[in-house]
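Structure, as C-alpha cells:
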Amino acid sequence: MSQITLTFPDGNSKQVDAGITPAEVAQGIAPSLAKKAISATVNGAHYDLQWPITDDAAIAINTMQDDAPALELIRHDLAHIMARAVQAIWPDVKVTIGPVRDFGWFYDFDREEPFTPEDLGEIEAKMKEIINARDAVTTEVWSRADAIAHYEKTGEPYKIELINRIPEGEDLRMYWHGDWQDLCRGPHLQSTGQVPADAFKLTHVAGAYWLGDSSRPMLQRIYGVGFRNRNDLKAHMTMLEEAAKRDHRKLGREMDLYHMQEEAPGQVFWHPNGWTIYTELQDYMRRKQRANGYVEVNTPQVVDRKLWEASGHWEKYQDHMFIVEVDEEHAREKAVNALKPMNCPCHVQIFNQGLKSYRDLPLRMAEFGSCNRYEPSGALHGIMRVRGFTQDDGHIFCAEDQIESETLRYIEFLSGIYHDLGFENFKVKFSDRPETRAGSDEVWDKAEEALLSATRKAGIEPQLNPGEGAFYGPKLEFVLTDAIGRDWQCGTHQVDFVLPERLDATYIGADGEKHRPVMLHRATLGSFERFIGILIEEHAGKLPIWLAPRQVVVASIVSDTDDYCREVVTALKAAGVRAEADLRNEKINYKVREHSLAKVPYILACGMKEVEERTVSVRRLGEKQTFGSSLEDIVARLGREATPPDLRRD
RNA sequence: GCCGCACUAGCUCAGCUGGUAGAGCAUCGCAUUCGUAAUGCGGAGGUCAGGGGUUCGAAUCCCUUGUGCGGCACCA
C-alpha cells in the first residue's frame with residue numbers, strides 16, 4: 001500500500017498508509033482524542049472522520065472546542081435526527097432536503113396534514129430519545145442505481161429527483177443514523193450521542209416550495225435552532241426577545257410615528273412624529289444631492305400605458321401595477337393609465353426635451369418620486385415592504401466612459417450618507433449578468449468591469465451575487481440588516497443600456513453625431529419608508545437627536561415654574577430645537593417615565609431651584625444621572641446637537 | 001400569490017369543554033403641587049375583523065371575505 005504524508009497543525013508530519021481515515025489518525029494520537037473527535041479539517045475542507053484520505057494532506061482533528069465545525073455538525077445532525085423523528089412518528093411523511101442555516105437548520109417535508117405546535121413538541125421529545133440512544137453514524141458511497149432502487153422501494157420521490165440532479169460521476173453518499181438512512185454529502189458526527197440533547201429547539205413551521213420553485217408543490221418546512229450548550233441556546237432566545245423590542249412595527253406605534261389600515265394595505269398614514277423624521281431626512285437628502293451636482297425634478301403620478309409599453313414595463317410588470325382606467329363619460333376617450341411604479345421612464349422624457357450635448361453629461365437628475373406597486377400580499381411587511389412609497393431616486397445620464405467615475409463618485413456619496421445616519425457597516429453585493437439579458441457580451445464585460453473597478457477603488461470588495469443583475473445591466477446593491485438579522489436592500493446602483501434605446505434618448509457628441517447615453521439608476525435610501533424602518537430598528541427607536549421627532553421636553557416639577565418652562569421652550573425653539581413643555585399636574589417621576597418610553601432624547605426638569613438660578617436639570621435618554629446647566633448653555637448646546645450632520649460647523 | 005397561524009376597548013392581553021364580555025395602561029372628571037421611570041378615587045369606553053351557517057343559545061363550532069404575523073415565491 002502506498003504511503004502518504006500527513007502534516008499536523010503543530011508542524012509535525014507523519015507517514016501513513018493511503019486511505020487512512022481521520023478517525024484512525026485520531027486514534028493513533030490518543031484514544032481520548034479519538035473519542036472527543038467530531039470531524040477533521042483536511043486541506044481546508046471539512047472531513048467526516050470516516051472518509052479516507054488518499055493523498056498528502058494537512059490535517060487537523062476537530063473537537064467540540066472548534067466553534068465552526070462543531071456548530072455545523074450539531075445543526076446538520078439535528079436536521080437528520082429531526083427527519084428521523086418525523087418519520088418515526090408519521091411513517092408516510094416524505095423527506096426532501098434539510099440544510100444548516102443561520103443559527104440552526106430546516107428540513108422540508110411532504111405531508112398532507114399540517115404540522116401543529118403540539119406536533120413540534122412531540123418531534124422534539126422523539127429527537128431527545130434518538131440522541132440519548134447514542135446511535136452510531138455511519139456512511140458509504142452508493143451507486144446511482146442502488147440509491148434510486150432504494151428510494152423507489154421506500155417511496156421517496158423527492159430523493160430520486162435529487163439524485164437525478166446530482167451531476168453524473170459525482171459520488172452518492174448515504175448516511176445512517178442508527179437504522180434511519182438519508183442521502184447526504186456529509187460530514188456528520190460519530191454518533192447521535194455527540195449532539196447536545198438540551199441545546200436545541202424547534203422554532204416554527206412554514207410553507208416552502210419544492211426546490212424554491214413556485215410552480216412545484218408546497219412543502220412543510222420545520223425550522224430549528226441548535227447550539228453547543230444550554231446557555232448558548234438561552235442567550236439566543238434572549239437575543240430574539242431583545243430584537244422583538246426593536247421591531248419598527250412595535251416602536252412605530254409606541255412612538256406614534258404612523259399607522260396602516262385595511263382600506264389601504266401596504267400604504268402608510270404618517271403621523272406628525274413620523275412625518276417629522278421623513279421630512280428631516282428628505283431635507284437632508286435634498287441638500288446632499290444638490291451639493292453633489294444633481295438637479296431635482298418632479299414627474300406625473302398617472303401615466304398612459306403607452307409609455308410603460310415603450311419602456312418595456314407593461315409587458316413584464318403589468319400584474320404588479322395599479323391600473324387606472326378613465327371612463328368615457330368623464331373623458332374624451334377611454335384611457336388606460338398606470339400609477340407610476342418607477343420614475344426612470346419619466347426622467348428620460350425630461351432628458352429628451354431639447355437637444356442634449358456631450359457637454360451636458362453626466363447629467364444627474366434626482367426626484368423624490370412617489371411610486372405605487374401592487375406588491376404580492378405575502379410580501380408586505382410593516383413599512384419596509386409597501387405598495388406606496390417614495391424613492392430618493394436619481395438617474396445619471398452619461399457616456400460609456402463615464403460609468404466608472406460616476407460609480408465611484410456615487411459610492412463615495414452613499415458612504416458619506418450612511419455614515420451620517422449611523423450605518424458604518426453595510427454589505428455591498430455585485431449582481432452580474434443574468435441568463436436572459438439584453439445587450440452584447442462585449443458591453444456587459446465593460447459595464448461589469450466598470451462597476452467592480454469603481455467599487456474596489458472605493459475600498460470595498462463586494463459580495464458576488466451571480467446572475468442576479470437586471471436584464472438591462474449589472475447592479476450594485478447596498479444592503480442593511482434589520483433587528484432580527486434579515487437583510488434589506490436599500491441603496492442600489494444599476495447600469496442600463498436598454499432604456500435609453502427603448503425611449504430613444506440621444507445626445508450630440510464631440511463628433512457632431514448622435515449617441516446613446518447610458519443611464520445609471522441609483523437610490524441611496526431606497527425608499528423613505530423602508531429606510532425609516534431600518535433606522536428605527538438600528539437605533540432601537542433612540543434616533544440621533546437631529547432626526548428625533550420630539551427632541552426636548554421641558555417638564556415642570558411644580559406649577560409655579562410653568563412660566564419659566566415656557567420661557568425655556570421658547571428659547572429652544574428659537575435655536576431651532578423641537579421642544580415642548582409638559583406642564584401637566586403630574587409628578588416628575590411620571591413625566592420622566594412617559595417621555596423616556598417615548599424615546600425623547602432630552603428631558604429638562606425645572607423646579608423652584610432652577611427658576612431661581614435660571615438653570616435646568618438635564619436628563620439624557622438612557623442615562624440615570626442628571627446634570628445641571630445654565631439656560632444659556634443648554635440652549636446653545638442643544639441647538640448645536642440638533643443640527644443635521646451636513647450643516648454642523650464644529 | 002402559496003402554506004400555516006392569528007384578529008376581543010385606543011394599547012397589551014384574560015375569557016375552560018357553546019349559556020350572552022373582563023383586567024391593567026391610556027382617555028375623561030375630581031382631589032393632590034410633588035425633585036428624575038407609574039399619586040389616589042371615580043366615570044365612560046366593545047355589532048368580540050366583516051358576512052353567512054349550525055344551534056333553543058355563538059367571542060367560542062363550520063364556511064367565506066378582509067387584514068395582519070411567520071416563512072416560501074416575488075421585489076423593475
Side-chain angles (χ1 to χ4, degrees), chain A residues 106 108 111 113-117 203-223 247 249-250 253-254 256 259-266 308 311-321 340-345 371 373-382 384-387 389 391 468 470-472 475 477 484 486 488-489 492 494 496 498-499 521 526-527 530 555-562 583-598 603-610 617-627:
Chain A
F106 63 76
D108 289 348
R111 179 186 182 221
E113 295 288 300
F115 288 109
T116 64
T203 54
H204 56 287
V205 192
Y209 295 110
W210 169 233
L211 299 175
D213 181 344
S214 58
S215 68
R216 307 298 303 272
M218 171 77 49
L219 305 171
Q220 295 191 60
R221 173 172 297 180
I222 303 180
Y223 286 89
D247 191 314
R249 291 164 299 188
K250 181 177 158 70
R253 193 168 42 240
E254 288 173 0
D256 194 16
H259 86 273
M260 297 171 110
Q261 63 187 49
E262 274 189 30
E263 290 83 349
W308 308 116
S311 71
H313 293 103
W314 188 263
E315 189 193 359
K316 201 157 190 271
Y317 292 107
Q318 193 188 148
D319 290 348
H320 297 280
M321 285 160 80
K340 71 173 168 184
M342 54 184 353
N343 309 297
C344 33
C371 297
R373 296 179 185 175
Y374 189 75
E375 299 284 9
S377 57
L380 301 179
H381 179 90
M384 307 259 241
R385 184 83 184 267
V386 287
R387 289 185 176 153
F389 55 94
Q391 296 176 314
E468 292 295 311
F471 74 94
Y472 51 71
K475 63 179 175 182
E477 289 175 27
I484 60 169
R486 285 182 288 213
W488 295 90
Q489 180 201 307
T492 180
Q494 314 184 5
D496 186 353
V498 174
L499 199 61
H521 303 249
S527 84
R530 173 175 298 179
S556 61
I557 294 175
V558 293
S559 53
D560 286 345
T561 65
D562 287 3
L583 308 179
R584 292 175 302 170
N585 177 13
E586 294 290 351
K587 293 170 61 159
I588 192 65
N589 290 293
Y590 182 90
K591 296 181 182 181
V592 165
R593 178 183 150 83
E594 189 176 279
H595 298 125
S596 297
L597 288 173
I603 298 169
L604 308 185
C606 299
M608 287 317 288
K609 176 166 164 279
E610 283 73 23
S617 168
V618 183
R619 182 179 170 118
R620 298 212 301 191
L621 182 58
E623 293 177 10
K624 233 181 150 68
Q625 194 63 44
T626 62
F627 60 90

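Naming: A, B, ... by sequence-line order, numbering from 1 per chain. No experiment lies behind these values; they were computed from the predicted model shown. No hydrogens, no waters, no symmetry mates; every other heavy atom, side chains included, goes into these values.
- Backbone-only engagement by A:Tyr590 is indicated by non-hydrogen atom pairs under 4.0 Å involving sugar-phosphate atoms exclusively.
- A:Leu597 comes within contact range of at least one nucleobase, with a heavy-atom separation under 4.0 Å.
- Among A:Ile603, A:Leu604, A:Thr626, the one residue that satisfies the side chain to side chain contact (heavy atoms under 4.5 Å, CB included) test with A:Val618 is A:Leu604.
- Within 4.0 Å of A:Arg373, counting heavy atoms only, lies at least one base atom of the nucleic acid.
- Contacts of A:Gly312 with the nucleic acid, taken as non-hydrogen atoms under 4.0 Å apart, are absent.
- An aromatic stacking contact links A:Tyr317 with the base of B:A76, defined here by ring centres under 5.5 Å apart and ring planes under 30° from parallel.
- Taking 3.5 Å as the limit, the base of B:A73 and the side chain of A:Arg216 contain no donor-acceptor pair of atoms between them.
- The residue A:His313 sits close to a base: some heavy atom pair falls under 4.0 Å.
- Here the closest non-hydrogen pair linking A:Met218 and A:Ala208 is SD-N, 3.2 Å.
- Residue A:Tyr223 is classed as a sugar-phosphate contact, given heavy-atom separations below 4.0 Å to backbone atoms only.
- Across all strands shown, A:Ala470 has no heavy atoms under 4.0 Å from either base or sugar-phosphate atoms.
- Comparing the same atom, P, in B:A23 and in B:U67 gives a spacing of 33 Å after rounding to whole Å.
- Across all strands shown, A:His381 has heavy atoms under 4.0 Å from sugar-phosphate atoms exclusively, and none from any base.
- Using a 4.0 Å heavy-atom distance criterion, A:Arg249 is classed as a sugar-phosphate-only contact.
- Counting non-hydrogen atoms under 4.0 angstrom, A:Glu586 reaches a base of the nucleic acid.
- The side chain of A:Arg530 lies closest to B:C75, out of B:G71, B:U67, B:C75.
- Using a 4.0 Å heavy-atom criterion, one finds that A:Lys624 contacts the sugar-phosphate atoms exclusively.
- Checked by distance alone, A:Tyr209 brings a side-chain donor or acceptor within 3.5 Å of a matching partner on the base of B:G1.
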